[in-house]
Peer 1: 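Right, I'll just put the structure down here and ask away after.
This chain uses plain numbering: 1 for the first residue, then up along the sequence. As a basis for the values below, the full set of heavy atoms in this structure was taken, side chains included, without hydrogen atoms, waters or symmetry mates.
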Amino acid sequence: MEHPRRLRMTPEIRRLVREVVLEPRNLVQPFFVHLGKDPEPIASMPGQYRHSLESLVEAAGEAREAGVGGVILFGVLPKEQKDELGHGAYDDEGVVQQALRLLKRHYPDLLLIADTCLCEYTAHGHCGVLVGDQVANDPTLELLGKTAVSQARAGADVVAPSAMMDGQVAAIRRALDEAGLTHVPILSYAVKFASAFYGPFRDAADSAPAFGDRKSYQMDPAAGVWDALREARLDDAEGADMLMVKPALAYLDLVHLLKERFEKPVAAYLVSGEYSMIKAAAERGWLDERRVVLETLTGIRRAGAQFILTYHALEAARWLNAGEGNDS
Ligand code: PBG
């Protein structure tokens, strides 16, 4: 008789046959940063903060110490500083630019990723500029290019466009190259859905659209595999260096598909709502947080993600460093 249990009987044999590796370097920690004096806890994301520049330096130092693969920054702007064209995104003295310069100075060996989008900086909260009540594609491209250049000049090692405008990867590549930043890679949010799982993020970044929703640019979860393949093919052809799928858990089939089809590293973003669900259940004592997080991250790695953007990155990296992996 076939007897699969033979290879599960002891920790030693399980360790021998285990294929999926999860290491701190596979995790990227997202941070929110604002120009306020103090860090502010984010109610819907226990353990996460709108960091001040000072607390960001401290938190990023901890992430670096734990060996995470990198950090990704999101700027938070007070309402009165947002405007129609999202100037805060491409202001060389903007919050993310200041944070990048500071972190690069403190930790030259910590990989810095900048989220390249306008929604945290526009008064209307959309990811591009408006013409009437429509998010206009082509006028947005130039602003995304400017944002990426400004971020790279400030110290971003990688730029990550998330606005879901058509042609944004090509526009950003051209802008970077024209600025002499040919060495800066693009991590494209290639397959990004209009998802209810972004809810807590929009609280955190105060970036909920003031009217309407993002369904005219972010993807329809029910569209099907063709839409994901098309988005990935276009970003691949436009020069994306890495392809991301977001959110992660409801879209692991697409993580796997991109891994099979493209000769580029694939990333997955375990988003705010996915983080908060686990936190909420853990706070009630309904789930063992450590085990659930490690199991989740392992599953995303098995699906084909080279690295995972997750608010649990620092905690998970510490568990892994302490030898508290999946089998403990
Ligand atoms: C910016 C952006 C969003 C997220 C990452 N980049 C918000 C959105 O598209 O509404 C969501 C991340 C998360 O929920 O953790 N466009």
Peer 1: Are Phe31 and Leu103 packed together at the side-chain level, in the sense that at least one heavy-atom pair is separated by less than 4.5 angstrom?
Peer 2: no
Peer 1: Should Leu102 and Val71 be regarded as members of a common hydrophobic cluster, given that ILVMFWY residues are connected when their side-chain heavy atoms come within less than 4.5 Å of each other, either directly or indirectly?
Peer 2: yes
Peer 1: Is a donor on one side and an acceptor on the other found under 3.5 Å between the side chain of Asp227 and the backbone of Ala223?
Peer 2: no
Peer 1: Do Val293 and Trp319 have side-chain heavy atoms sitting under 4.5 Å apart?
Peer 2: yes
Peer 1: Please enumerate all residues that pass side chain to side chain donor-acceptor pair (under 3.5 Å) together with Glu40, with sequence neighbours excluded.
Peer 2: Arg50
Peer 1: Side chains of Asp235 and Val191: does their closest heavy-atom pair fall under 4.5 Å?
Peer 2: no
Peer 1: Does Arg153 have any side chain to side chain donor-acceptor pair (under 3.5 Å) partners at least two apart in sequence or in another chain, and if so, which?
Peer 2: none
Peer 1: Do Leu254 and Val169 belong to the same hydrophobic cluster, where Ile, Leu, Val, Met, Phe, Trp and Tyr are linked whenever their side-chain heavy atoms lie under 4.5 Å apart, directly or via other members?
Peer 2: yes
Peer 1: Could you tell me which non-hydrogen atom of Ala123 sits nearest to which non-hydrogen atom of Ala210, and how far apart they are?
Peer 2: O-CB, 4.4 Å
Peer 1: Below 4.0 angstrom, N of the basic side chain to O of the carboxylate: do Arg202 and Asp206 qualify?
Peer 2: no
Peer 1: Excluding sequence neighbours, so at least two apart, what forms salt bridge (Lys or Arg N to Asp or Glu O under 4.0 Å) with Glu142?
Peer 2: none
Peer 1: Drop me the distance from Leu56's CG to His106's NE2, to the nearest 0.5 angstrom.
Peer 2: 10.0 Å
Peer 1: Under the side-chain contact (heavy atoms from CB on, under 4.5 Å) test against Ile308, which residue among Val255, Thr296, Ile300 passes?
Peer 2: Ile300
Peer 1: Please identify each residue that fulfils side chain to side chain donor-acceptor pair (under 3.5 Å) with Lys264, with sequence neighbours left out.
Peer 2: Asp236
Peer 1: Can you name the nearest heavy-atom pair linking Leu130 to Gly132, along with the distance?
Peer 2: CB-O, 3.7 Å
Peer 1: Nearest 0.5 Å, please: how far is CD1 in Ile186 from OG1 in Thr116?
Peer 2: 8.5 Å
Peer 1: As an exercise, state the distance from CG of Leu73 to CD of Gln98, rounded to the nearest 0.5 Å.
Peer 2: 12.5 Å
Peer 1: Just by distance, with hydrogens left out, do His87 and Asp91 show a side-chain donor and acceptor under 3.5 Å apart?
Peer 2: no
Peer 1: Give a yes or no on whether the backbone of Asp157 and the side-chain of Gln151 come within a donor-acceptor separation of less than 3.5 Å.
Peer 2: no
Peer 1: Other members of the hydrophobic cluster containing Val131, with the 4.5 Å side-chain heavy-atom rule, please.
Peer 2: none
Peer 1: Check this for me: does any side-chain nitrogen of one of Glu93 and Arg101 sit under 4.0 Å from a carboxylate oxygen of the other?
Peer 2: yes
Peer 1: Can you tell me how far apart CG (Leu143) and CE (Met165) are? Round to the nearest 0.5 Å.
Peer 2: 11.0 Å
Peer 1: Do the side chains of Glu283 and Pro46 get nearer than 4.5 Å, heavy atoms only?
Peer 2: yes
Peer 1: Please check this pair: side chain of Asn26 against backbone of Gln306, looking for a donor-acceptor N/O pair closer than 3.5 Å.
Peer 2: yes
Peer 1: Flag the pair Asp220 and Lys215 as a salt bridge only when some basic side-chain nitrogen lies within less than 4.0 angstrom of an acidic carboxylate oxygen.
Peer 2: no
Peer 1: At their closest point, which heavy atom of Leu252 faces which heavy atom of Gly299, and how far apart are they?
Peer 2: CD1-O, 4.5 Å
Peer 1: So that I can tick it off, tell me whether Glu62 and Arg318 are bridged by a salt bridge, with the cut-off set at under 4.0 angstrom between side-chain N and carboxylate O.
Peer 2: yes
Peer 1: Can you tell me if Gln29 uses its side chain to pair, donor with acceptor, with the backbone of Ala63 under 3.5 Å?
Peer 2: no
Peer 1: Look at the side chain of Arg14 and the backbone N and O of Arg8, then say whether any donor-acceptor pair between them is shorter than 3.5 Å.
Peer 2: yes
Peer 1: Could you give the distance from CZ (Phe193) to CD (Gln218), rounded to the nearest 0.5 Å?
Peer 2: 10.5 Å
Peer 1: Please test Glu120 against Val96 for side chain to side chain contact (heavy atoms under 4.5 Å, CB included), starting from the C-alpha separation and ending with a verdict.
Peer 2: CA-CA 11 Å; Glu120 295 121 62; Val96 163; 5.8 Å; no
Peer 1: Taking only residues two or more places apart in sequence or in another chain, which ones pass side chain to side chain donor-acceptor pair (under 3.5 Å) with His34?
Peer 2: none
Peer 1: Is there a side chain to side chain contact (heavy atoms under 4.5 Å, CB included) between Arg230 and Arg233 once you walk through the steps?
Peer 2: CA-CA 5 Å; Arg230 185 185 202 186; Arg233 168 174 59 78; 3.7 Å; yes
Peer 1: For Leu187, what are the other residues in its hydrophobic cluster, where any two members join if their side-chain heavy atoms are less than 4.5 angstrom apart?
Peer 2: Val28, Phe32, Ile42, Met45, Ile72, Phe74, Val76, Leu111, Ile113, Val158, Tyr189, Phe197, Tyr198, Phe201, Met242, Met244, Tyr269, Val271, Tyr275, Met277, Phe307, Leu309, Tyr311
Peer 1: Suppose clustering is done on Ile, Leu, Val, Met, Phe, Trp and Tyr with side-chain heavy atoms closer than 4.5 Å. Which residues sit in the same group as Tyr49?
Peer 2: none
Peer 1: For Glu274, which residues count as a salt bridge (Lys or Arg N to Asp or Glu O under 4.0 Å) partner, sequence neighbours excluded?
Peer 2: none
Peer 1: Could you state whether Ile172 and Val149 fall into the same hydrophobic cluster, counting links through intermediate Ile, Leu, Val, Met, Phe, Trp or Tyr residues with side-chain heavy atoms under 4.5 angstrom apart?
Peer 2: yes
Peer 1: Judged by atom type as modelled, is there a donor-acceptor pair below 3.5 Å linking the side chain of Ser276 to the main-chain atoms of Ser44?
Peer 2: yes
Peer 1: Do Val17 and Val21 sit in the same hydrophobic cluster, where Ile, Leu, Val, Met, Phe, Trp and Tyr count as joined when their side-chain heavy atoms come under 4.5 Å apart?
Peer 2: no
Peer 1: Can you tell me how far OG1 of Thr298 sits from CG of Leu22, rounded to the nearest 0.5 angstrom?
Peer 2: 5.0 Å
Peer 1: Test: side chain to side chain donor-acceptor pair (under 3.5 Å). Region: residues 122-135. Which pairs qualify, not counting sequence neighbours?
Peer 2: His126-Tyr217
Peer 1: Just jot down the side-chain contact (heavy atoms from CB on, under 4.5 Å) partners of Ser52, sequence neighbours excluded, or say none.
Peer 2: Pro39, Glu54, Ser55
Peer 1: Given side chains that start at C-beta, do those of Gln168 and Asn137 come closer than 4.5 Å, heavy atoms only?
Peer 2: no
Peer 1: Which heavy-atom pair separates Glu23 from Arg25 by the least distance, and what is that distance?
Peer 2: OE1-NE, 2.6 Å
Peer 1: Taking the side chain as every heavy atom from C-beta outward, state whether Arg214 and Val135 have any pair of such atoms under 4.5 Å apart.
Peer 2: no
Peer 1: Where is the tightest heavy-atom contact between Ala152 and Leu176, given as atom of each residue plus distance?
Peer 2: CB-CD2, 4.0 Å
Peer 1: Test your reading of the model: is there a side-chain donor-acceptor pair from Arg290 to the backbone of Glu324, 3.5 Å cut-off?
Peer 2: yes
Peer 1: Please determine if Lys279 and Glu289 form a salt bridge, counting it only when a charged side-chain N lies under 4.0 Å from a carboxylate O.
Peer 2: yes
Peer 1: Applying the 4.5 Å side-chain criterion to the ILVMFWY set and letting contacts propagate, would Tyr121 and Leu141 be lumped into a single cluster?
Peer 2: no
Peer 1: Would you say Gln97 and Ser150 are linked by a side-chain donor-acceptor pair, where the criterion is simply a distance under 3.5 Å?
Peer 2: yes
Peer 1: Between Thr182 and Asp177, does a side chain to side chain donor-acceptor pair (under 3.5 Å) hold up when you go through it step by step?
Peer 2: CA-CA 5 Å; Thr182 53; Asp177 291 353; 5.3 Å; no
Peer 1: Which pairs with one or both residues in residues 251-262 pass side chain to side chain donor-acceptor pair (under 3.5 Å), sequence neighbours excluded?
Peer 2: none
Peer 1: Just wondering, do Glu231 and Lys192 contact through their side chains at under 4.5 Å, heavy atoms?
Peer 2: no
Peer 1: Would you indicate whether the side-chain heavy atoms of Leu270 and Pro247 approach each other to under 4.5 Å?
Peer 2: no
Peer 1: Testing the basics here: between Asn321 and Ala66, what is the closest heavy-atom pair and its distance to 0.1 Å?
Peer 2: ND2-O, 2.9 Å
